[in-house]
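Below is one structure; the comments refer to it alone.
Worth knowing before you read on, the calculation uses all heavy atoms, side chains too, and leaves out hydrogens, waters and symmetry mates. If you're wondering where the values come from, they're calculated on a predicted model, not measured in any experiment.
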Amino acid sequence: MIALGCDHAGVKLKNFILNYFKENNIPYIDFGHFDETSTDYPIYAEEVCNAVLSNKCEKGILICGTGIGMSIAANRHKGIRCALCGDVFSAKATREHNNANILALGARVVAEGLALEIVKAFLSTEFSNGENHVRRIELLEK
Ligand code: RB5
C-alpha cells in the first residue's frame with residue numbers, strides 16, 4: 001500500500017501518478033489535498049508519515065511545488081527517511097543506500113513523465129541491505 005499526499009501545487013502531478021496506480025492495480029491511500037485551493041504542506045506530510053510509521057502503508061509519496069517543504073516536514077518524523085528526487089538515478093540510489101521510505105517530488109520542477117519514471121524506480125528498487133548502509137541508517141536513528 002502506497003500513501004500519497006500533496007498540497008495545492010502537487011494536485012495535478014498526484015492525479016497523474018494516481019492514474020498510473022489505477023491502471024496498474026497498485027494499491028494506494030490518497031490523503032489529499034484534493035483540489036487547487038491553497039493549503040499547507042505539513043498537514044499532508046504528517047498524514048503520510050503516520051501511515052508509513054504505523055505500517056499501514058509500506059512507502060509514501062509527497063508532492064508540493066518544489067518538494068522541499070514536504071521533505072523538510074517529513075524528515076522531522078523519527079523513522080522517516082524522505083528523499084527529494086529530481087532524477088531516476090537518485091530515486092534508485094536512495095532506495096538502495098538510504099532505504100528511503102518516502103519520496104518527495106517537486107511538481108513545479110519535474111515534468112510528469114520524468115516524475116513517473118522516478119516513482120517507478122523508487123517503488124521497484126529494494127534496499128541493498130549492505131552492512132555499511134545498515135550501520136549508517138542505524139546511526140540516523142540514534
Ligand atoms: C506553495 O506555493 C509552495 O510553497 C509549496 O508547494 C512548496 O513548494 C513548499 O516547499
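Side-chain contact between I26 and Y20: present, with at least one pair of heavy atoms (C-beta onward) separated by less than 4.5 Å. For the pair K59 and L103, the minimum side-chain heavy-atom distance is 4.5 Å or more. Residues L13 and C6 fail the side-chain proximity criterion, which asks for heavy atoms closer than 4.5 Å. Side-chain contact between V134 and F127 is present, with at least one heavy-atom pair separated by less than 4.5 Å. Between F21 and V119 there is a side-chain heavy-atom pair separated by less than 4.5 Å. By the 4.5 Å heavy-atom criterion applied to side chains, K56 and M1 are not counted as neighbours. Residues H8 and D35 are not in side-chain contact: their nearest non-hydrogen atoms beyond the backbone lie 4.5 Å or more apart. In this structure the side chain of R135 reaches within 4.5 angstrom of the side chain of N132, judged on heavy atoms.
Rounding to the nearest 0.5 angstrom, the gap separating the CG atom in D7 from the OG1 atom in T39 is 7.0 Å. From N50, atom CG reaches atom CD of E47 across 7.0 Å, with rounding to the nearest 0.5 Å. With rounding to the nearest 0.5 Å, the separation of CD in E126 from NZ in K92 is 12.0 Å.
Figure legend: K22 and Y28 shown without cation-pi pairing, the cationic atom not lying both under 6.0 angstrom from the six-membered ring centre and within 45 degrees of its axis.
Considering all non-hydrogen atoms of both residues, I102 and C49 come closest at CD1-SG, 3.8 Å. Taking all atoms of both residues into account, the shortest heavy-atom contact from A3 to F31 is CB-CE1, 3.7 Å. The minimum heavy-atom distance between A121 and V88, with the atom names listed, is CB-CG1, 3.8 Å. Residues A83 and A100 share a closest heavy-atom pair of CB-CB, 4.1 Å. Considering every non-hydrogen atom in both D30 and K14, the closest pair reads OD1-NZ, 2.9 Å. G113 and F16 make their closest contact through N-CE2, 4.4 Å (heavy atoms, listed as atom of the first residue, atom of the second, distance).
I68 and V48 are not part of a single hydrophobic cluster, where members link through side-chain heavy atoms under 4.5 Å apart. The cluster map of Ile, Leu, Val, Met, Phe, Trp and Tyr, joined by side-chain heavy atoms under 4.5 Å apart, puts L105 and L62 in different clusters. F122 and L84 are not part of a single hydrophobic cluster, where members link through side-chain heavy atoms under 4.5 Å apart. Under the 4.5 Å side-chain heavy-atom criterion for Ile, Leu, Val, Met, Phe, Trp and Tyr, M70 and I80 are members of the same hydrophobic cluster. Under a hydrophobic clustering in which Ile, Leu, Val, Met, Phe, Trp and Tyr are joined whenever their side-chain heavy atoms come within less than 4.5 Å, directly or via other members, L18 and V52 fall into different clusters.
Of the possible polar contacts, one joining the N101 side chain to the G79 backbone as a donor-acceptor pair under 3.5 Å is found. Formation of a donor-acceptor pair under 3.5 Å by the D40 side chain with backbone atoms of I43 is not found in this model.
Checking N75 against H77 by side-chain atom types alone, no donor-acceptor pair falls below 3.5 Å. At a cut-off of 3.5 Å, with distance as the only test, a side-chain donor of T94 or N98 sits close to an acceptor on the other residue.
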Practice task
Please assess E141 against R81 for the test salt bridge (Lys or Arg N to Asp or Glu O under 4.0 Å), listing each intermediate value before the final yes or no.
Solution key: CA-CA 10 Å; E141 297 303 325; R81 293 173 302 281; 3.7 Å; yes
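Residue pairs that meet the side-chain hydrogen bond (donor to acceptor under 3.5 Å, both in side chains) test with at least one member in residues 105-125, sequence neighbours left out, are E117-K120.
For R76, the CZ atom sits in a loose shell: 12 or fewer heavy atoms of surrounding residues, nucleotides or ligands are nearer than 6.0 Å.
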